[in-house]
Amino acid sequence: MVLQVKGITKRFKTQIAVKDLSFSLAEGEILALIGKSGAGKTTALRCICGLERVDEGTIVVDGLPLCTEGIYVDQKEVRKVRQKVGMVFQNFNLFPHLSVLENIMESPVRVYGMDKEEAKAKAMDFLRKLDLAEKAEAYPHELSGGQKQRVAIARACVLEPKVICFDEPTSALDPQLSEEIAYVIKDLAKDRNLSVLIITHDMNFAKRTADRVIFMENGEAVEEGRTETLFEDISNERIQKFMSN
Amino acid sequence: MGTISELMGNTVELLNYVLALLPALMSGVVITLKVFAFTLVLSIPMGILVALGRLSRLRIIRRLAQLYIWVVRGTPLLLQLIFIFFGLPMIGIVFSRFNSVMIAFSLNYAAYYGEIFRGGIASIDRGQYEAAEMLGMSKRQTFLRVILPQVIKRTLPAVANEVITLVKDTSLVYILGLSELLRAAKIAANRDVTLAPLVVAGVFYLILTGVFTKVLQQMEERYAYYE
């Protein structure tokens, strides 16, 4: 298992955002956490990325623990774990003052000491695959939402993470682009054997991309199953209700 | 006809007078520019530190930065100059004229720049920090490579304002007997009982501020490549 999450709980002052959530993610698998806004799915994702700290529970990425029963490893170890996790933010958070290429090269060159030419070649490789090669010198504000998202994907992938997380990947896209990004995500999982964790409230998108789905409500996982079986389960009232909304 | 030749004669006389003034005024400009340049070079990095102090996670540092800004912005620069040059020797701390000027000016301007940069830093979206964190960047790298370049762009108009104010504030160093532009002009004006030197000084100030305005405009344009 590339990612193991055991009994994580996250509290904010008075309310519990994530409650006793457990799941695991296999190599090359695509898992979607779905639920309404406020269901705790984004908080769960942020905990897995280490942007937020859990109060209880265990998170292990590719054999390296991030935290064990609520106790975190030290800062240096956290960085090592985080290196294995890529993140595509909901609003992408590209660096506006850097070109597309510079956005992608910044971390490999400055943080991981990769040779500039090598990083550039690698970045261009990703850009070509994502059909963005001609935008290499452009700045983020010159790109459409879909293009920004692909740059964010390239920026995360160039570091060769084991898991890549998407926070609401369809929220900034029109339906046709959602379809495209679904292909891109599936390709990443298939070609690179990347494990993908998707946070979404878009049922159709989850249905189209994910191998497995976890359904969250009030911070808890309430349903879990293979995509093809879970959505067809007419007898499941909760799913049918959510689908019809 | 007599009046015209009289007028021409007066004009020539005035021009000659102004030309004779120029060496004294130019040496005043040199001092003005020296104070200006040193202050700028010292106060901008100090301002960044003040801003970081104001945003520190440590309460005590936040409070100290706040106190510093309050005192420095809350009292006239002229008073600060007098205090450092004439006041501090009373407790045995003596600085030269020029050093006193540099200390007062850079401490004063650092407070203003500090507040400008603090606003700039606070205006950067939290997502930028998170993206940098996910890319493995250290706090230092995040600040220098991601945050600061964006802060510079955003605060440039406000910084430009302070730069122009600084050109004119340099005239305050007369109080310590340094012959900057305005003092040089005033000495000539008193000696020759005429306002002409002051008018010439005014023109010099306009030229200086004009040049700096242009330079800052070009910097703003250079940063206009995004957003």
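Only heavy atoms go into these numbers, but all of them, side chains included; no hydrogens, no water, no symmetry mates. Per chain, numbering begins at 1; letters A, B, ... match sequence-line order. Predicted model only: the values in this text are computed from it and were never measured.
Atom OH of residue B:Tyr226 and atom OG of residue A:Ser99 lie 13.0 Å apart, to the nearest 0.5 angstrom. Atoms CE and CD, from B:Met134 and A:Gln83 in turn, are 11.0 Å apart once rounded to the nearest 0.5 Å. Rounding to the nearest 0.5 angstrom, the gap separating the OG1 atom in B:Thr142 from the CZ atom in A:Phe95 is 7.5 Å. Here A:Leu51 contributes atom CG and B:Arg126 contributes atom CZ; the two are 8.5 Å apart, rounded to the nearest 0.5 Å. Note that CD of B:Glu133 is 4.0 Å distant from CZ of A:Arg82, once rounded to the nearest 0.5 Å.
In terms of heavy-atom pairs under 4.5 angstrom with chain B, the leader among A:Glu106, A:Glu142, A:Gln90 is A:Glu106. Note on A:Leu159, A:Leu94, A:Asn93: by heavy-atom pairs under 4.5 Å with chain B, the leading option is A:Asn93.
By the 4.5 Å heavy-atom criterion applied to side chains, B:Ser138 and A:Arg79 are counted as neighbours. Residues B:Tyr223 and A:His97 are not in side-chain contact: their nearest non-hydrogen atoms beyond the backbone lie 4.5 Å or more apart.
Proximity of a side-chain donor or acceptor of B:Gln141 to a complementary backbone N or O of A:Arg110 within less than 3.5 Å is detected.
Contacts between A:Val85 and chain B at a heavy-atom distance below 4.5 Å involve backbone atoms as well as side-chain atoms. Residue contact with chain B, scored on non-hydrogen atoms closer than 4.5 Å, is absent for A:Phe92.
In plain terms, the two heavy atoms of A:Val111 and B:Gly136 that are nearest each other are CG1-O, 3.4 Å.
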